[in-house]
Amino acid sequence: MVAKKGFMRIMEATIAVLIILGVLFVIASQREVRSNQDLTEILRALLDEIAKDQELRQQVVEYNLSVARNETPNREILGNLSVFLEEKIKNPAFNHSISICKANETCPLQVSFPVEDPQDIYAAERIITTTLSQGGSQELKKIKLFLWRRV
């Protein structure tokens, strides 16, 4: 009689575990993966952080538009911005590019990238200027971020 009660409790526990696992599998299979999420909002948040960070904002303003991107001061500025973005994005599935230009110009994408589906490219831009207390040049600059999924 005692052996039958133990066997019944083991069967009840096994059935309970199977029911719980079944429910978990059903819930997991119905959950949608958001692979087509819009990353533009993430880019806008990153641009807001750059605009609020006085050091990064000053670097964008100091970017020299009359020389090439790969010359020393511009390369350092783009490198600092890139490090900031990599710390914030923290996702190796994405790659990014930064363009800085005059506020009234179009900022082009500066790198070539292997994207098969053009809808996977996201871009956002923001105008950056110095604060009133910093004085200096009042030339408005535009920073544009591009983000895409790595292939």
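Position 1 is the first residue of the sequence; numbering continues from there.
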What heavy-atom pair brings Leu147 and Phe94 nearest, and what distance separates the two atoms?
CD1-CB, 3.8 Å
Salt bridge check: are Arg9 and Glu12 linked by an N-O gap of less than 4.0 Å?
no
Do Asn74 and Ile100 come close enough that some side-chain heavy atom pair is under 4.5 Å?
no
Got a donor-acceptor contact below 3.5 angstrom from the Lys142 side chain to the Cys101 backbone?
no
Can you check side-chain hydrogen bond (donor to acceptor under 3.5 Å, both in side chains) on Glu62 and Gln58, steps first, answer last?
CA-CA 6 Å; Glu62 291 173 357; Gln58 187 61 33; 3.2 Å; yes
In this structure, NZ of Lys144 is separated from CD1 of Ile98 (nearest 0.5 Å) by 14.0 Å
Treating Thr129 as the side-chain partner and Leu140 as the backbone partner, does any N or O pair qualify as donor plus acceptor under 3.5 Å?
no
Measuring only between side-chain heavy atoms, which start at C-beta, is Gln59 closer than 4.5 Å to Asn80?
yes
Taking only residues two or more places apart in sequence or in another chain, which ones pass side chain to side chain donor-acceptor pair (under 3.5 Å) with Lys102?
none
Any side-chain heavy atom of Ile143 within less than 4.5 Å of one from Tyr63?
no
Charged N-O contact under 4.0 Å between Glu49 and Lys88:
yes
Check: Ile10 main-chain N/O paired with Thr14 side-chain donor or acceptor under 3.5 Å
yes
